[in-house]
Chemist: 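Got a structure for you, questions after.
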Amino acid sequence: MNKNVIEKVEYLRAKIRYHDGKYYVSNMPEIEDYEYDQLMKQLEMLENSHPQLITPDSPTQRVSGEPVPEFKSVEHKIPMLSIENTYSEEELREFDRRIRRKLKNTRLSDIAGRTSAQEGSLELIEEIEYVIEHKIDGVAISLWYENGIFTRGATRGNGIRGDDVTANLRTVKDIPLRFLCDDHIRIPPSIEIRGEIYLPDGDFQILNQRREEEGEPLFANPRNAAAGSLKLLNPQTTAKRPLRLFAYAFGYYGDSKFTDHIECLETIKKFGLPVNPHYKLCKNMDEAISYCNLWESRRSELEYQVDGMVIKVNSLGLHGILGSTSKAPRWVISYKYQPEESTTKIETIKVQVGKTGILTPVAELDPVPLSGTTVSRASLYNFDEIERKDIRVGDCVIVRKAGEIIPQVVKVLKEKRTGNEQRFDVPEKCPACEGDVIKEEVYLKCHNPLCTAQAKRRIVYFASRNAMNIEGLGPALIEQLVDKKIINDYADIYSLKVDDLVPLERMGEKSAQNLITEIEKSKSRDLHLLVCALGIQNIGSHAAEVLSKEFGTLDKLMNASVEELEEIFEIGSITAKSLVDFFSNSHTQDVIRKLKTAGVNLTAISRHTKSVSPIAEKSFVVTGTLNGYTRKEAEGIIKNLGGRVSSAVSSKTDFLIAGESPGSKLTKAKELGTTILNTEEFEKLINL
Ligand code: IVH
């Protein structure tokens, strides 16, 4: 056996597993589907020609993706398989031929004592009818309805087991909690509907804009945003994301009798679930191909992302004959579209310094039209990425914007190099302040607390709409104030006088006076806005609200330990550590002292009063196994609505939420006459 082949196979497997983790587990894919499919194809080809190398754990032998540990894992009654991908008309025609061959052979073996005349007529076997649908680029889910009531929803996971995300799916308005059909339609006792959860493009843009303003990491594309939103531990946060559904098939359908796929789609519609309206019944593969091509040129008209078309055999009888491989049914195939791309040149690479000191390389491009806009910049993410892709100044590159707002450099066209391209040197000093830079994971970070570029970004963020909201204090003014050394940090804003402002560009007596009034007003903002404004790594508006509710004053938050912070629902260990690092920094402490002296409010005003929930101020104990929530999830929901959670039942307990096998807490609550709620009653209380 050639050693190179073994090495190549191992290399491909490691690479595919790595990208599986990025895609399925952390929701942060680094490569496009097309590149991933190419890796898989290479591995399949090598394994086909060297079958002795196939191992049961090779990525070719299973449907990838692992359930995430925080959710209850559930087994799919019928595995959720994937679809084989094709990228050319020829591959589609081959799929059609394969099906007709199989059908012909099945019919022949069914006919005892066949004659050559019959064989001849079978040559002309009818054309196959296909249903063509958009391939929605979202997240696959399974929805169970018992007697027409929505009882359980799960992600696909690894195809065999997925995550129970019922509570989050209940917040999706497109999913009826009970079938919306007339009484005369027979509702099967137990039925599973499968579909795709997606986030419309417009809502994705709004969500990312908000995240950018709040200093939270951006989602790469609408699919990641949908996947991320489905996996949130707090359903109330999911409810704020306008997730949508297109249902496209039944999974399990018991003894219901359906003849073809079209009938299934019509029935799903009758049950009240949305089916994408652009499906089409085609009488043969030629028609199917024309329909696929039609949408390739029209897909930008849609308000959601499609990454191709799905071609399904219409007859369910034929599905039975064709069966499945361990990975995908043989009656369906996808025709994937190439993501939209353009070719351009990198004019220069600039380095931006963010508010937490992270240096981000940005390619300035020869402006080029791409997916409807003109693109002149592309983020290169980090310096490892420049090295990995061997990107040089002057290179011709392919840029792509498949769903992402920020275009990315996909590939360097090395064959177009002239020899004049310049390698980009990783900065050893901060380009703004010459301070030392240190590598943290893949990021380079400027560690100079006095770096003016960072200071400017931090002050801009402090004054922005979602933070202290100081009208009139924008980036251009901040730039002048810092360059002229009138202010060094955001606390210095509060010592500004009209006389400091008047001499600045585009500043008159009146606007200076107005700005001072606005600055004065901002002193009484609520604590969560201040916590957000501090610009702590990993803390956006939402985390700031959670922390303010929990601690009530900045002093208490500053004194919290990593352990105490990790205890809080929705605060993970990375966030806890960045909080403690931030507050233990002596420069931070100086700045906060100045804020205090200036009279900036450091106490939560609306700690509980903001909530109108019946839960506010009430005391809860959660026990037993709840249907659809972990205990921590339920506790998090209660705390977010202003309730208190304790671990033991006492005379002060207002509610006991009791799941299955509740144990001694239930007995105690009964003795004390505490109100006891089951999962459904709890959901009513929190108004889900
Ligand atoms: S049918 C066994 N129809 O594509 C296959 N899937 O790559 C049953 N997808 O995870 C799926 N749009 O979630 C089907 N109209 C459509 C689809 C669709 C998107 C997803 C599906 C699956 C993935 C397969």
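Just so you know, ligand 1 is whichever comes first in the structure, and atom 1 is the first atom listed for that ligand. The chain is numbered in sequence order, starting from 1.
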Chemist: When only distance counts, is Asn85 in polar contact with ligand 1, meaning an N/O pair under 3.5 Å?
Modeler: no
Chemist: Under a 3.5 Å threshold, yes or no: a donor from one side chain and an acceptor from the other, between Ser88 and Glu91?
Modeler: yes
Chemist: Backbone, side chain, both or neither: what part of Pro329 comes under 4.0 angstrom of ligand 1, heavy atoms only?
Modeler: side chain
Chemist: Could you find the nearest protein heavy atom to atom 7 (O) of ligand 1 and give me its residue, atom name and distance?
Modeler: Lys135 NZ, 3.3 Å
Chemist: What residue and atom, counting heavy atoms only, is the protein's closest point to atom 10 (O) of ligand 1, and at what distance?
Modeler: Ala140 CB, 3.6 Å
Chemist: Assess the side chains of Tyr252 and His76: does a donor N or O sit below 3.5 Å from an acceptor N or O?
Modeler: no
Chemist: Between the candidates Trp331, Tyr248, Tyr279, which shows the shortest non-hydrogen contact distance to atom 18 (C) of ligand 1?
Modeler: Tyr248
Chemist: Would you please say whether a donor-acceptor pair under 3.5 Å links the side chains of Glu129 and Asn314?
Modeler: yes
Chemist: For Tyr87 and Asp37, test the side chains for any donor-to-acceptor distance below 3.5 angstrom and give the result as yes or no.
Modeler: yes
Chemist: Between Asn284 and Tyr130, does any side-chain donor sit less than 3.5 Å from a side-chain acceptor?
Modeler: no
Chemist: Can you tell which of Val399, Val397, Ile398 makes a side-chain contact (heavy atoms from CB on, under 4.5 Å) with Ser342?
Modeler: Val399
Chemist: Check each heavy atom of Glu133 against ligand 1 and say whether those closer than 4.0 Å belong to the side chain, the backbone, both or neither.
Modeler: side chain
Chemist: Can you tell which of Lys312, Met309, Arg156 gets a heavy atom nearest to atom 3 (N) of ligand 1?
Modeler: Lys312
Chemist: What residue and heavy atom of the protein are closest to atom 5 (C) of ligand 1, and at what distance?
Modeler: Ile83 CG1, 3.6 Å
Chemist: Polar-atom distance check: Ile136 versus ligand 1, any N or O pair below 3.5 Å?
Modeler: yes
Chemist: Would you mind checking which non-hydrogen protein atom is closest to atom 13 (O) of ligand 1, with the distance to 0.1 Å?
Modeler: Glu196 OE1, 2.3 Å
Chemist: Measuring from non-hydrogen atoms of Met80 to any atom of ligand 1, is the shortest distance under 4.0 Å?
Modeler: no
Chemist: Between Ser82 and ligand 1, is there a nitrogen or oxygen pair with a distance under 3.5 Å?
Modeler: no
Chemist: Quick one, Tyr253 and Ile78 - any side-chain contact, counting heavy atoms below 4.5 Å?
Modeler: no
Chemist: Going by atom types alone, do Asn85 and Ser334 pair a side-chain donor with an acceptor below 3.5 Å?
Modeler: yes
